[in-house]
Each structure stands twice: as structure tokens, then as C-alpha cells.
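Structure first, commentary second.
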Amino acid sequence: MSLRLGDQAPNFKAKTTEGEIDFHEYLGNSWGVLFSHPADYTPVCTTELGRTAQLKDEFAKRNVKVMAVSVDPLDKHSGWVNDINETQNTTVNFPIIADEDRTVATLYDMIHPNASATATVRSLFVIGPDKLVKLIITYPASTGRNFLEVLRVIDSLQLTSNYSVATPADWKQGEDVIVVPAVSTEDAEKKFPKGLRIVKPYLRYTPQPDLN
Ligand code: BEZ
């Protein structure tokens, strides 16, 4: 059965470009991004892995560890990483799983037979420090993902986890956030000293709480 939000992220041991890794041990107390791509030496995937490497500091700032997966073998990954580094002007600095026996692809339901019988689609999972699945997105092979959007969602997930707030449509860093319905206005007034803007009893904004 496919994974759903709030499910435990399945653990696995895998061969990667950084050696054998136990996924949960690798994550430790960090947040995680596990994402699949259809195949090595393909153009869209080359840009995606390059972009992820370029955003290394942004992921690190948010305490997020990244891991990529495809069903191609390790020797193919290694040669391709050189091409990514050369063409995307970066250094790939995260493990890429060689999932030849499709253990990870099966655990995370990354092969969608109507798209391809053998290759993984562009699945992406964000996993919290509690090892629960917080976000699932699936793109087709022909569309490269927006990794700034992945960071934006991680910011929203971390705000929710730390402050009981949600983020409105198109929210960006620095903009007001929404007080979750489970918090009463009386409690919200104590919890959010920067103040509330009450548009409707169920639509209450407060300045982003983690900014000075
Ligand atoms: C790509 O990564 O460029 C790609 C892979 C499979 C199908 C289409 C594009």
C-alpha cells in the first residue's frame, strides 16, 4: 500500500554513492528529504540533482539531510555525478542510492506502472525528526521539481511543528502566518505576543513567530 501523510517512513539499508547507509541512522534527529528520479544520464534529472547540491546550505540551515534514489547501479551514479558537477557548476554532496533491486522504490511506491514499468517517477518525501512522513509530492518524468518550493514547504512544516501556526496560500518567508483553529483566541493572544489580526473568528493572522 502506498504511504500517506503521518505514516512512519520505512527504514532500509542501501548501497549509495557515500557507502552503505541505514536510512534512519543517517537521518538521526534531522529532517529528511528522500527523492527519486527516473534514470541517470538524463537531462531533467541532471538539473534536479545539480540544483539540490547548489542548495546545500539552505537544506543545512533547516537541519535537513537529503538523499536521492534511482534504480541505476552505483558505477553509473559515480560517472554521472561527474557530469552533474561539471554541467551544473556544483559538487553533489549527498548520497544517491543505487536501488537496483527496487527495495526503496517498492517501500516508497516510487514506480507507477502506467508511467513506466521499471523506472521511478519523481517522488519526493519530507520526513520529520520523528520519522513520520510530512509531505509527499509526485511529478512526472518530464517536469523538473522546484526545489525552492520544497524549501518553502519545509519552512512551513517547521513553523507548524514549532509554533502551532499554518501558512496561507503563496506564503513566503517573512509574511504573516495563520493561527491554527485548535488554538483559542484567548490562548493565541498569550502565545503570540506580536499580536493577532482577526479577519474572521476562524481566520486569524500573526507575524511569523520565529523572526525578530
Ligand atoms: C530526464 O530526466 O530528462 C527525463 C527522464 C525520463 C523521461 C524524460 C526526461
Side-chain angles (χ1 to χ4, degrees), residues 1-5 9-10 12-21 23 26-27 30-60 62 64-127 133-155 157:
M1 205 179 77
S2 54
L3 283 174
R4 295 181 177 169
L5 298 185
F12 55 81
K13 286 196 170 70
K15 269 187 305 175
T16 82
T17 48
E18 316 261 316
E20 173 107 0
I21 285 181
F23 186 51
Y26 168 76
L27 292 179
S30 301
W31 288 68
V33 170
L34 177 71
F35 68 115
S36 58
H37 55 273
D40 295 1
Y41 293 106
T42 50
V44 177
C45 303
T46 300
T47 62
E48 281 197 329
L49 270 70
R51 185 67 182 132
T52 306
Q54 288 165 3
L55 291 170
K56 174 184 190 240
D57 291 347
E58 294 299 321
F59 285 107
R62 292 162 175 83
V64 178
K65 289 187 176 171
V66 170
M67 196 184 281
V69 53
S70 84
V71 298
D72 282 329
L74 214 46
D75 56 342
K76 212 166 167 189
H77 285 350
S78 305
W80 181 45
V81 163
N82 294 333
D83 282 6
I84 299 170
N85 292 345
E86 177 196 327
T87 62
Q88 307 305 302
N89 199 22
T90 190
T91 304
V92 172
N93 39 36
F94 51 84
I96 309 173
I97 298 169
D99 193 34
E100 287 170 274
D101 64 4
R102 299 187 170 79
T103 301
V104 179
T106 305
L107 279 173
Y108 283 81
D109 198 26
M110 290 165 163
I111 295 181
H112 296 200
N114 290 329
S116 163
T118 52
T120 41
V121 292
R122 295 188 198 284
S123 295
L124 185 148
F125 297 83
V126 173
I127 295 154
V133 175
K134 307 293 184 187
L135 173 79
I136 302 172
I137 59 171
T138 309
Y139 277 42
S142 50
T143 305
R145 286 158 286 199
N146 183 331
F147 287 86
L148 294 177
E149 169 63 6
V150 173
L151 290 170
R152 190 190 75 90
V153 180
I154 290 169
D155 286 343
L157 291 167

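FYI, the numbering just counts along the sequence from 1. In each ligand, atom 1 is the first atom listed, and ligand 1 is the first ligand listed. Please read all numbers here as calculations on a predicted model, not as lab measurements. Below, all heavy atoms of this structure are taken into account, side chains as well, without hydrogens, waters or symmetry copies.
The 4.0 Å heavy-atom shell around ligand 1 contains residues T42, P43, V44, C45, R122, A141, ordered by chain and number.
Partners of K56 under the side-chain contact (heavy atoms from CB on, under 4.5 Å) rule, at least two apart in sequence or in another chain, are N93. Under the rule for a salt bridge (Lys or Arg N to Asp or Glu O under 4.0 Å), the partners of E58 that lie at least two apart in sequence or sit in another chain are K61, R62.
Using a 4.5 Å cut-off on side-chain heavy atoms (C-beta onward), L49 and W80 make contact. Residues V33 and I154 meet the side-chain proximity criterion, which asks for heavy atoms closer than 4.5 Å.
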Output side-chain donor-acceptor pairs under 3.5 Å for residues 116-123, partner residues at least two apart or in another chain, one line each.
unit_1: S116; atom_1: OG; unit_2: T118; atom_2: N; d: 3.2
unit_1: S116; atom_1: OG; unit_2: A119; atom_2: N; d: 2.9
unit_1: T120; atom_1: OG1; unit_2: H37; atom_2: O; d: 2.6
unit_1: R122; atom_1: NE; unit_2: P140; atom_2: O; d: 3.4
unit_1: R122; atom_1: NE; unit_2: A141; atom_2: O; d: 3.0
unit_1: R122; atom_1: NE; unit_2: T143; atom_2: O; d: 3.4
unit_1: R122; atom_1: NH1; unit_2: E48; atom_2: OE1; d: 2.9
unit_1: R122; atom_1: NH2; unit_2: A141; atom_2: O; d: 2.6

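Screening S70, P73, S78 against D40 for a side chain to side chain contact (heavy atoms under 4.5 Å, CB included) leaves a single residue, S70.
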